[in-house]
Structures are given as structure tokens and as C-alpha cells.
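One structure is given below, encoded as C-alpha cells.
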Amino acid sequence: MTALAPSPASPPTSRAGVRANAPASALGRAGDALADVVTMSGRALRLARRDLDSVITAAVLPVAILLLFTYVFGGAMDVGGAYVTYATPGIILLCAGFGAASTAMAVEHDMSGGMVDRLRSMPMAPWTMLTGHVAASLVKNLLTTAIVFGVAVAIGFRPDASLLDWLGAVGLLLLFVHAISWSAAFVGVLVRSPDAANGFTFFVMFLPYVSSAFVPVDTMPTWLRGFAEHQPVTPVIEAVRSLLVGAAPGTDVGATALLAVAWCVGLALVFAVAAAWGFRRRR
Amino acid sequence: MTDALVLAEGLRKDFGPPRRRVRVLDGVDLALHRGEVLALLGPNGAGKTTTVRILTTLLRPDGGRATVAGHDVVRDAARVRPLISLTGQQVALDLKQSVRENLTMMGRLAHLPRRAVRGRVDELLAAFDLAGVADRRAATCSGGTRRRLDLAAGLLTRPQVLFLDEPTTGLDPRSRQAVWEVVRDVVAAGTSLFLTTQYLEEADRLADRVALVDGGRVAAEGTPAALKRQVGEASVELDLATAADADRVRGALGLPAAEGARVLAPTDGSLAHARAVLDAAAATGVVPTAWTVRQPTLDDAFLALTGHRTGAAGRPAGQSAGQSADLTAKEVAA
Ligand SMILES: Nc1ncnc2c1ncn2[C@@H]1O[C@H](COP(=O)(O)OP(=O)(O)O)[C@@H](O)[C@H]1O
Ligand SMILES: [Mg+2]
């Protein structure tokens with residue numbers, strides 16, 4: 001029964017091509033960690049794909065919101081130009097945030113199951129499972145964003161952007177998804193029920209409404225404006241809009257983009273560290 | 001005890017908020033030697049899972065220390081992890097992945113060379129009788145099949161020590177047998193096994209040594225046979241048609257008078273003595289309706305050593321605790 005035999009106790013050499021022990025060199029360890037992230041991302045994507053509800057929600061909900069805003073609310077909004085042009089960047093952001101926030105539910109599911117104990121008892125970095133979910137979130141949201149964007153173009157969205165603007169906008173969007181995904185991973189590690197994890201999706205979904213995503217901030221009451229102007233979604237949305245359809249008069253595009261990047265990188269860093277810490281501590 | 005593969009000394013663990021802390025482990029001492037199967041036997045809530053979680057680096061003890069192959073499970077966790085594998089009480093599978101996908105993923109995480117993964121997965125599918133369901137999603141497999149898959153998923157790394165936390169809880173008797181079989185195969189191939197169970201029969205069947213946990217401590221330890229011996233000797237058990245018949249047999253065997261139609265005659269367990277008892281009973285001319293030679297069970301041991309029974313969950317559904325340990329009349333006569 002050699003199939004079930006343990007590997008020789010020492011030294012941990014390869015036998016039948018089996019290497020169960022961690023490599024000694026730092027480079028080898030980094031390679032293993034990267035391989036683990038790839039494995040866990042593939043897993044997260046496969047699981048997401050097999051969850052029909054989530055596939056439908058991820059693709060259909062954003063499109064429905066886009067249509068709702070353009071055709072139902074759009075007529076009543078005065079933003080100085082076609083509303084679809086004003087709103088599309090915001091809706092793309094809203095979808096991306098919403099999709100990224102669903103990472104909280106995936107992480108919570110893993111944390112409450114038996115998988116996490118097995119992974120934590122294995123020689124792998126504790127954050128690998130979380131990184132897998134975040135990487136999968138980036139891929140997933142790039143896809144849904146492309147869908148929403150396609151529909152937006154079909155109903156009259158006409159971006160006016162150079163290749164460089166495009167790269168900038170997509171890059172910023174990915175940074176945003178990355179930041180939201182890590183904060184979602186942190187929430188997923190903390191909460192103790194799927195409902196609580198789901199609550200986070202709604203919280204994130206509301207953030208863009210209190211920003212310049214759908215209406216200019218100066219139409220809001222002063223106290224709300226203070227929040228709207230200083231919350232992270234606003235600089236991201238302003239920067240993406242500036243890149244895709246041109247800056248609003250009086251906007252310093254460079255400064256806004258820089259602020260947006262700073263927010264995204266900062267949030268991602270803080271929440272990634274917090275999530276890894278929570279993962280280690282939990283139970 | 002320096003050659004112990006797994007060693008726990010005075011493990012202590014408290015749970016709960018500061019003012020209402022509950023001591024769950026209160027000085028657990030254990031040793032598992034290479035090639036051995038140790039069963040931690042105890043009722044629900046005895047602290048079995050807590051002990052396993054400490055030994056597998058998932059939980060810090062509040063006191064005491066534990067080592068695996070000489071490496072401290074807290075300070076040297078990184079050295080411990082490559083040597084162990086845990087199959088916890090909760091199944092660690094992705095139900096939306098197929099049987100093969102689950103194993104392949106664990107193979108990748110074990111850092112087997114990419115090409116070796118496939119071969120290793122096929123080996124395990126065969127060894128655990130999973131080849132027939134390889135492409136089914138785990139969600140559609142029966143509980144017993146999932147358990148076997150879960151065990152297989154823990155073996156991609158070829159661990160030195162396997163920790164199994166209640167591997168057959170909730171399984172029907174047939175699935176339980178199937179799990180026992182694969183566990184025996186794994187042990188026969190040289191893996192040391194740290195097992196927890198609530199089932200006396202399971203400890204009796206699989207373990208070389210049993211540690212009874214009660215109240216956060218090891219209340220008794222030894223081979224299943226030794227534990228049984230501590231409780232008392234074997235007895236010949238005769239069921240007779242009437243109490244009068246029973247009295248005649250008791251008289252012939254020189255036993256004190258007793259109530260009822262069942263006669264329990266202590267023996268030293270040897271064939272010769274059992275035979276003498278049976279001969280004397282047969283000479284009375286009465287015909288018993290049934291008779292066996294009964295060995296004390298681990299359940300009896302628990303009662304004798306801890307002063308109480310193992311609780312409602314203490315035996316697998318649909319099986320009497322005595323079944324496995326009882327020697328049938330035929331086996332004795334042969
Ligand atoms: N994380 C925890 N927080 C609080 N109490 C716990 C925790 N884990 C276990 N316990 C308690 O510790 C006791 C022992 O639990 P456990 O080790 O799971 O027992 P067993 O596995 O033998 O059934 C139980 O009373 C349980 O409620
Ligand atoms: Mg338990």
C-alpha cells in the first residue's frame with residue numbers, strides 16, 4: 001500500500017516525485033506562495049461560476065441599474081449633458097463595488113466551513129485563501145464591468161478617451177475593486193453569519209449614492225456634502241469620469257487621480273493587513 | 001517518552017469571557033509513538049476537538065506544552081505543519097467541486113510537481129474506492145463517500161501523523177465500516193494516527209492505545225484489552241427458559257442465589273475454565289435459550305473508571321456497545 005505510505009521522516013527528499021515539505025530558499029517559498037494564490041484564485045472563480053445565483057446577480061443587476069438610472073431617473077436629472085454619459089462611470093463603479101463586496105460572503109462561507117482549519121494546519125501562508133478570493137473578484141468584476149460598459153454604449157454612452165485615458169480608467173477601476181475586495185475579505189473574516197456578510201454588500205452599494213456618482217455633490221445639503229466630498233468613492237468616480245468623458249470645469253484631473261489612487265492603495269493595504277490578522281486570530 | 005512523535009504535557013485551555021472562563025482542558029498528558037494508533041475517547045464536550053486543535057497548531061494552549069516530532073506546536077508551528085494532516089470534525093471539502101477537483105486542489109496546495117498531482121490523485125481515488133465517483137460533485141455524494149474523500153484530501157502530502165477528529169460521527173454502520181477499512185490501510189502503510197471518537201467500538205477496533213478523557217483530563221489510558229481487564233473478568237452468560245432452571249444452574253456452578261432467568265458465571269477468560277463452566281451447566285440437563293462468553297466492554301470501563309457512563313451519544317446508532325467485544329459461543333467452543 002505505497003499509495004498511503006507517509007513520506008520518509010528525514011531528510012524530506014523527493015520520493016516518487018513527491019515534495020511535501022517547504023523549500024528552504026526564500027525564492028522557492030515565494031514561488032510556492034504564488035502557486036498557492038493561483039490555485040486558490042482558480043478555485044474561487046470555479047466556485048463562483050457554479051453558483052448560478054451569483055452569476056446572474058453579478059451580470060443582470062448592474063445592467064438593470066444602468067437602465068433604471070438612464071430611462072427612469074435620467075429624464076429628471078439635469079447634469080448639463082446626456083445623463084447616460086454622466087451616470088455610466090458611476091454605475092460601473094457601483095457594480096464593481098457591489099461585485100467586490102460579494103467577496104465578503106465567499107470568505108464568510110469558507111471561514112464557517114471545515115476548509116479553513118485544514119488550510120491553516122498546512123504549510124502555507126494564512127492569507128493565501130483570502131488572496132485567492134480577492135484575485136477572483138478582480139477577474140469577475142472586469143468581466144461584469146465589460147458587460148455593463150457594452151450595454152451603456154448600446155444605449156448611447158459615448159466615451160471620449162485616448163488609449164492612455166482608457167488604461168488609466170481601467171487601472172483605477174481595478175485598484176478600486178481591489179480595495180473593496182480586501183475590505184470585504186476583512187468583513188468576511190470578522191462576521192459570523194452569511195446575513196452579516198451580505199449586509200456589507202448593501203453598505204458598499206450605498207456609498208456611491210452619497211458621492212458625485214449620480215448627482216453633482218453641490219446639489220446635496222451641506223452636512224451630506226461634507227461626507228460626499230471626502231469619501232473615497234468621489235475622487236475615484238471623478239477621476240474615472242474625467243478620463244472617459246472629460247473633466248468637469250474646474251477639476252484638477254491629476255490631483256483627483258492621485259487622491260483616488262492614494263485612497264485605493266491605502267484602503268487595500270489597511271484591510272489586507274487587518275484581514276490577514278483576523279484570519280490568524282479567528283477561533 | 002522522548003521518542004514520542006506527538007507529546008502533550010499538562011495542556012490547559014480555558015474558554016469564555018474573563019469573568020466566566022470555563023476550563024476545558026485541565027492538564028492533558030498524552031503521547032503518540034511512531035506507527036501507533038492512539039484513540040482519544042470521550043463523550044461530546046470532553047475536549048477532544050480542543051486537544052486536536054492545539055496539537056495541529058490551530059489553537060494556542062493556555063498552559064502546558066505539546067510537540068510533534070520534537071517541534072513545539074506553538075513556537076515551531078511552521079516545522080510541525082509539513083509533518084501533520086488534519087481531517088477535522090467538519091468536512092473540509094468544496095461541495096461545488098467534483099471529487100477529483102477537490103483532490104487536485106489539495107495536491108497543488110501540497111506543492112506536488114504539477115505532473116505528479118494527477119498520478120497521486122488517481123492513486124488516492126483507487127485506494128479510497130472513489131474512482132467511480134471521481135467526476136461527481138462532492139455535494140451529490142453520500143455522507144460516507146464525502147468522509148472518505150475528506151480523508152483522501154488530507155493525504156496528498158503523505159503526513160507522518162494523521163489527526164482524525166471523530167471520523168465516523170453521523171455515519172451509518174456500513175459507511176462506518178468503509179471508513180474504518182481505509183483508516184486501517186493508511187495505518188498499515190506506516191502513518192501514525194491520532195484519533196478521537198465518542199464510539200467505544202471504534203476505539204476498540206482501530207486503536208493500539210486508548211486514552212479516556214473526562215473533565216478535561218485523561219482519566220485512564222492503556223490498550224483496549226488492558227482497560228477492559230481493569231474493569232473485571234469475562235463471564236459466561238446463560239439465558240434460561242425459567243427462573244427455576246436458572247436456580248438449578250446456579251446451584252450446579254456454586255454461584256450465590258440471584259433473581260431472574262439469566263446466569264452470569266465469572267471465568268478467568270481461559271478456554272479450559274469456560275469449558276468447565278459450560279460442562280457443569282450442561283450436566284444439569286437444562287437447555288439455555290442463548291449463551292455467550294461476554295468480555296467487558298469499553299462502556300463498562302468508562303463507568304468503572306470515571307464513575308459515570310459516556311452519555312447518550314456514547315455508541316453508534318443501532319448497535320449495542322457489547323456487540324463487538326462479545327465472543328460468541330461458537331468462537332469459544334471452536
Ligand atoms: N471557541 C470556543 N469558545 C468557547 N467554548 C468552546 C470553544 N470551543 C470549545 N468550547 C467548549 O469546550 C468544550 C469542549 O469542546 P470540544 O473540544 O469541542 O469537545 P469534544 O470535541 O470532545 O466534543 C465544550 O464545552 C465546548 O462548548
Ligand atoms: Mg469534537
Side-chain angles (χ1 to χ4, degrees), chain A residues 1-10 12 14-23 28-29 31-44 46-52 54 106 109-110 112-126 128-129 132 280-283, chain B residues 5 34 53 56-59 69 78-97 101 104-106 108-116 119-120 123-124 126-128 137 150 153-163 182 185-192:
Chain A
M1 222 9 129
T2 54
L4 303 177
S7 64
S10 62
S14 69
R15 172 185 169 198
V18 170
R19 176 169 57 94
N21 292 45
R29 273 199 302 276
D32 279 354
L34 189 66
D36 290 346
V37 169
V38 170
T39 304
M40 293 311 277
S41 312
R43 160 190 184 252
R46 198 176 310 137
L47 293 181
R49 212 173 55 226
R50 287 180 188 175
D51 184 358
L52 199 63
S54 88
H109 184 264
D110 270 355
S112 62
M115 182 69 82
V116 63
D117 272 358
R118 174 166 284 157
L119 295 183
R120 284 180 64 218
S121 71
M122 288 174 63
M124 57 190 278
T128 303
M129 191 184 91
R280 224 181 249 282
R281 300 244 79 191
R282 171 114 176 230
R283 290 188 298 180
Chain B
L5 190 51
R34 207 172 277 283
R53 291 176 61 83
T56 54
T57 76
L58 299 179
L59 197 66
R79 283 173 196 274
V80 171
R81 289 185 187 128
L83 304 175
I84 63 170
S85 166
L86 166 67
T87 297
Q89 209 168 340
Q90 244 183 318
V91 172
L93 298 171
D94 282 328
L95 296 183
K96 282 178 194 151
Q97 294 205 77
E101 284 167 343
T104 304
M105 179 177 89
M106 296 314 292
R108 298 246 164 85
L109 293 178
H111 304 137
L112 305 187
R114 241 185 141 71
R115 256 184 271 148
R120 179 81 184 124
E123 269 177 14
L124 287 170
F128 285 76
R137 290 207 185 161
D150 201 22
L155 291 171
L156 270 303
T157 53
R158 297 177 180 269
Q160 302 287 314
V161 200
L162 178 60
F163 289 86
V182 298
D185 288 345
V186 173
V187 170
T191 305
S192 312

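Reminder, nothing fancy here: chain letters follow the sequence lines and each chain counts from 1.
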Contact origin within [X] toward chain A - heavy atom pairs under 4.5 Å:
X        : result
B/Arg79  : neither
B/Ala126 : neither
B/Leu109 : both
B/Thr87  : both

My understanding is that only residues two or more places apart in sequence, or in another chain, count here; which of them pass side-chain contact (heavy atoms from CB on, under 4.5 Å) with A/Arg46? A/Arg49, A/Arg50, B/Gln97, B/Glu101
Which pair of non-hydrogen atoms, one from [X] and one from [Y], has the smallest distance, and what is that distance?
X        : Y        : value
A/Asp117 : B/Arg53  : OD2-NH1, 2.6 Å
A/Asp36  : B/His111 : OD1-NE2, 2.6 Å
A/Pro6   : B/Ala189 : CD-O, 3.4 Å

Return the set of residues passing ring pair (Phe, Tyr, Trp, His ring centres under 6.0 Å) with B/Phe128 (not counting sequence neighbours), or none when no residue passes. none
Would you say the side chain of A/Leu4 lies within less than 4.5 Å of the side chain of B/Val187, judging by non-hydrogen atoms? no
Side chain, backbone, both or neither: which part of A/Ser121 has a non-hydrogen atom closer than 4.5 Å to chain B? both
Rounded distance [0.5 Å steps], [atom1] in [X] versus [atom2] in [Y]:
X        : Y        : atom1 : atom2 : result
A/Arg118 : B/Thr56  : CZ    : OG1   : 11.5 Å
B/Met106 : A/Leu119 : CE    : CG    : 5.5 Å
A/Arg120 : B/Arg81  : CZ    : CZ    : 7.5 Å
B/Arg108 : A/Met40  : CZ    : CE    : 12.5 Å

Could you walk me through whether B/Gln160 and A/Ser7 satisfy the side chain to side chain contact (heavy atoms under 4.5 Å, CB included) test, starting with their C-alpha distance in whole Å, then the side-chain angles of each, then the deciding distance to 0.1 Å, before giving a yes or no? CA-CA 7 Å; B/Gln160 302 287 314; A/Ser7 64; 3.7 Å; yes
With chain A, which of B/Gly154, B/Ala78, B/Ala69, B/Ser192 has the greatest number of heavy-atom pairs at distances under 4.5 Å? B/Gly154
Scored by heavy-atom pairs under 4.5 Å with chain A, the best of B/Asp94, B/Leu93, B/Thr57 is B/Asp94
